[in-house]
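A short write-up of the structure that comes next.
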Amino acid sequence: MLDIKLIQNEFDSVCEKLRKKKVSEETIENLRLISLELKAQRAILEPLQAEQNASSKLFGVWAKEGKDINELKAKLSANKEKISTVSKQVKELEEKLSNLALSVPNLPDDDVPSGKDENDNIEIKKVLTPPIFDFTPKEHWEISENQIDFERGVKLSKSRFSVLKNKAAKLERALINYMLDFNAKRGFNEVCVPYIVNRETLTGTGQLPKFEDDLFKIEGEDLFLIPTAEVPVTNLFRDEIILENELPIMMTSYTACFRKEAGSAGRDTRGMIRQHQFDKVELVCITKPSESEKIFDKMVECASDLLSSLGLAHRHLMLCGGDLGFGAAKTIDLEVWFPGQNRYREISSISNTRDFQARRAKIRYKDGKKNKLVNTLNGSSLAVGRTMIAIMENYQKADGSFDVPEVLKSYM
RNA sequence: GGAUAGGUGGGUGAGUUGGCUGAAACCACAUCCCUGCUAAGGAUGCGUACUGGUAACGGUACCGAGGGUUCGAAUCCCUCCCUGUCCGCCA
């Protein structure tokens with residue numbers, strides 16, 4: 001959620017920044033007007049309430065002293081009517097404002113390039129060089145016949161579900177453990193969290209109210225399957241005030257993730273690039289605003305080094321404004337090389353949401369005497385399924401089998 | 001799921017015959033004083049959000065959430081959520 005005061009005081013610059021994210025000026029203007037109207041109505045309501053409070057106190061005193069209270073009572077009753085009318089309006093405005101405010105995306109950082117979509121993202125650097133094969137490399141579903149069972153995944157559930165077997169099943173587990181250990185060495189503390197969360201939690205990180213269609217909902221309950229560990233892990237501190245010396249809080253968590261992929265019909269239908277259920281090891285950090293840039297770099301470095309340690313060639317992309325997610329002020333994607341597809345594909349996405357989630361989730365820290373909003377950051381390190389198929393493709397051999405990176409061997 | 005007791009500020013915990021309690025007390029925390037050693041004592045301050053004011057200092061809302069009764073509710077009523085305990089069930 002954006003700071004309403006910022007919208008009131010720096011309207012033009014907010015609009016300018018949100019243009020990068022393809023948000024219309026009307027929306028922001030609307031937000032501004034409603035907030036002003038709300039303020040005006042409150043200014044009417046509060047003196048009425050003050051008067052009511054004061055007179056009611058008098059009422060008690062007079063009644064005790066045996067004075068005549070009929071006149072006072074009549075006055076109070078009339079005032080009560082007025083209050084109820086105005087407060088109804090205030091309540092309506094509040095609801096309007098919060099609905100609207102919760103649906104406006106975060107402002108991009110100043111150094112985020114403008115651009116329309118993924119084609120305008122900027123490559124920052126490449127790490128490692130893609131392997132060269134003396135045969136035509138295959139796609140992962142061609143090398144994995146005994147490893148990934150797509151048909152039975154569909155039988156058990158529906159399309160975009162799969163079953164891992166044999167070496168793939170072991171590799172999946174090895175990767176999760178390896179990643180968690182790797183992150184722990186970089187100072188991230190492991191947490192294990194629920195996969196089913198409530199509406200407040202999803203509102204805190206920004207998935208709700210706008211993106212309910214992307215989530216699997218538990219029937220008959222106001223509960224949802226998590227689309228990423230970012231949701232429960234960040235919300236660990238919802239409605240809390242953190243002591244300054246406890247910051248930064250750096251966490252890593254393995255969870256399964258569940259996404260409806262509502263908007264991606266027809267995309268990546270083959271293979272296990274895009275599944276309804278996938279494993280991911282996530283990094284989540286909570287920091288003081290002054291430190292979040294530094295921590296962000298640390299997270300990118302951690303995920304990138306993790307890929308390097310697995311011998312996987314990859315590149316860093318700075319997302320342009322148009323491709324930035326709802327809550328992100330700045331995002332760097334890591335894309336790994338897939339020889340079979342002959343291209344880089346996203347395997348990690350690291351975002352700084354600044355105080356966007358913190359304001360929604362009321363995560364604050366004590367800065368001396370004052371409570372201030374923290375910054376929250378999240379990033380994958382890494383998407384496990386995609387890492388696995390990247391290994392299959394990059395370590396494939398002419399006979400259709402594949403090797404496993406050296407660092408994983410003790411985990412298998 | 002059934003029965004029962006509860007949900008109060010950073011923590012513990014008073015307050016439930018409605019009004020002088022936005023909330024005692026204690027702890028924690030901050031500053032200062034005293035003292036002089038790995039301790040103790042004393043003073044003061046200390047909820048959150050919005051809002052008026054240069055400031056001093058005010059106003060409004062919030063005692064799990066949402067409704068209701070009332071001139072007035074942390075205190076009464078209703079619904080929901082959560083926690084403890086006993087029972088049932090279960091990895």
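Labels below follow one simple rule: chain letters A, B, ... track the order of the sequence lines, proteins then strands, and each chain is numbered from 1.
- With a cut-off of 3.5 Å on both pairing distances, rA56(B) has no Watson-Crick or G-U wobble partner at all.
- Ranked by how close their nearest RNA chain B nucleotide is to the 5' end, Gly60(A) and Gln8(A) are led by Gly60(A).
- The distance between atom CG of Leu38(A) and atom C1' of rA61(B), rounded to the nearest whole Å, is 12 Å.
- In this structure, NZ of Lys91(A) is placed 13 Å from P of rA65(B), rounded to the nearest angstrom.
- Comparing the same atom, C1', in rC63(B) and in rG7(B) gives a spacing of 10 Å after rounding to whole Å.
- Contact between the side-chain N/O atoms of Asn53(A) and the OP1/OP2 oxygens of rA61(B) is found at a separation under 4.0 Å.
- Applying the Watson-Crick and G-U wobble criteria (two distances, each under 3.5 Å), rC62(B) pairs with rG47(B).
- If you take CD of Glu46(A) and P of rG58(B), they are 17 Å apart, rounded to a whole angstrom.
- For residues 240-280 of chain A, the ring pair (Phe, Tyr, Trp, His ring centres under 6.0 Å) pairs, not counting sequence neighbours, are Phe161(A)-His276(A), Phe216(A)-His276(A).
- Nucleotide rU70(B) is matched to nothing when pairs are restricted to Watson-Crick or G-U wobble geometry with both distances under 3.5 angstrom.
- Rounded to a whole Å, the CH2 atom of Trp62(A) is 16 Å from the P atom of rC71(B).
- A distance of about 8 Å separates the P atoms of rA73(B) and rC62(B), rounded to the whole Å.
- Mapping Arg364(A) and Leu72(A) onto RNA chain B via the closest heavy atom, the residue that lands nearer the 5' end is Arg364(A).
- Side-chain contact between Met272(A) and Met388(A): present, with at least one pair of heavy atoms (C-beta onward) separated by less than 4.5 Å.
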* **Intermediate values then yes/no, salt bridge (charged side-chain N to carboxylate O under 4.0 Å, His left out), Arg19(A) and Glu16(A)** => CA-CA 5 Å; Arg19(A) 213 165 289 143; Glu16(A) 176 63 34; 2.9 Å; yes

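- Separation of atoms CZ (Phe224(A)) and CD (Gln207(A)) is listed at 11.0 Å; rounding is to 0.5 Å.
- Glu81(A) has its CD atom 10 Å from the P atom of rG72(B), to the nearest Å.
- Note on Lys75(A): every side-chain N or O is 4.0 Å or more away from OP1 and OP2 of rG72(B).
- When the C1' atom is used for both rG22(B) and rG72(B), the distance is 16 Å, rounded to whole Å.
- By the 30° and 60° cut-offs, the orientation of the rings of Tyr178(A) relative to Phe182(A) is tilted.
- Contact annotation: Lys39(A) reaches the phosphate of rG52(B) (side-chain N/O to OP1 or OP2, under 4.0 Å).
- The partner of rG1(B) is rC87(B), by the rule that a Watson-Crick or G-U pair needs both atom distances under 3.5 Å.
- The phosphate of rA49(B) (OP1 or OP2) has no side-chain N or O of Lys362(A) nearer than 4.0 angstrom.
- Annotation: the span from Leu33(A) atom CG to Glu29(A) atom CD amounts to 4.0 Å, rounded to 0.5 Å.
- The interatomic distance linking Asn198(A) (CG) with rC82(B) (P) rounds to 9 Å, in whole Å.
- rC78(B) and rG6(B) have their P atoms separated by 15 Å, given to the nearest Å.
- With a cut-off of 3.5 Å on both Watson-Crick or G-U wobble distances, the partner of rU38(B) is given as none.
- Using a distance-only test at 3.5 Å, with no hydrogens or angles considered, no donor-acceptor pair links the side chain of Ser348(A) to the main chain of Ser381(A).
- When the C1' atom is compared between rC27(B) and rG64(B), the two are found 24 Å apart, to the nearest whole Å.
- In this structure, Lys57(A) does not reach the rG19(B) phosphate: none of its side-chain N or O atoms is under 4.0 Å from OP1 or OP2.
- Close to rA49(B), at under 4.0 Å from its OP1 or OP2, lies no side-chain N or O of Lys5(A).
- Computed from coordinates, the Asn371(A) CG to rC46(B) P distance equals 15 Å when rounded to whole Å.
- Rounded to whole Å, the P atom of rA61(B) lies 13 Å from the corresponding atom of rA23(B).
- Nucleotide rU75(B) has no partner under the Watson-Crick or G-U criteria, as no pair reaches both atom distances under 3.5 Å.
- With both pairing distances under 3.5 Å, rA23(B) is matched to nothing as a Watson-Crick or G-U wobble pair.
- Distance check on atom C1': rA49(B) versus rG68(B) gives 25 Å, rounded to whole Å.
- For Ala50(A), counting side-chain heavy atoms from C-beta on, the closest listed nucleotide (rU51(B), rG59(B), rU70(B)) is rG59(B).
- Rounded to the nearest Å, the gap between the C1' atom of rC87(B) and that of rA30(B) is 50 Å.
- When the P atom of rG19(B) is taken as reference, atom CD of Gln52(A) falls 17 Å away, rounded to whole Å.
- Ser55(A) comes within 4.0 angstrom of nothing in the nucleic acid, heavy atoms only.
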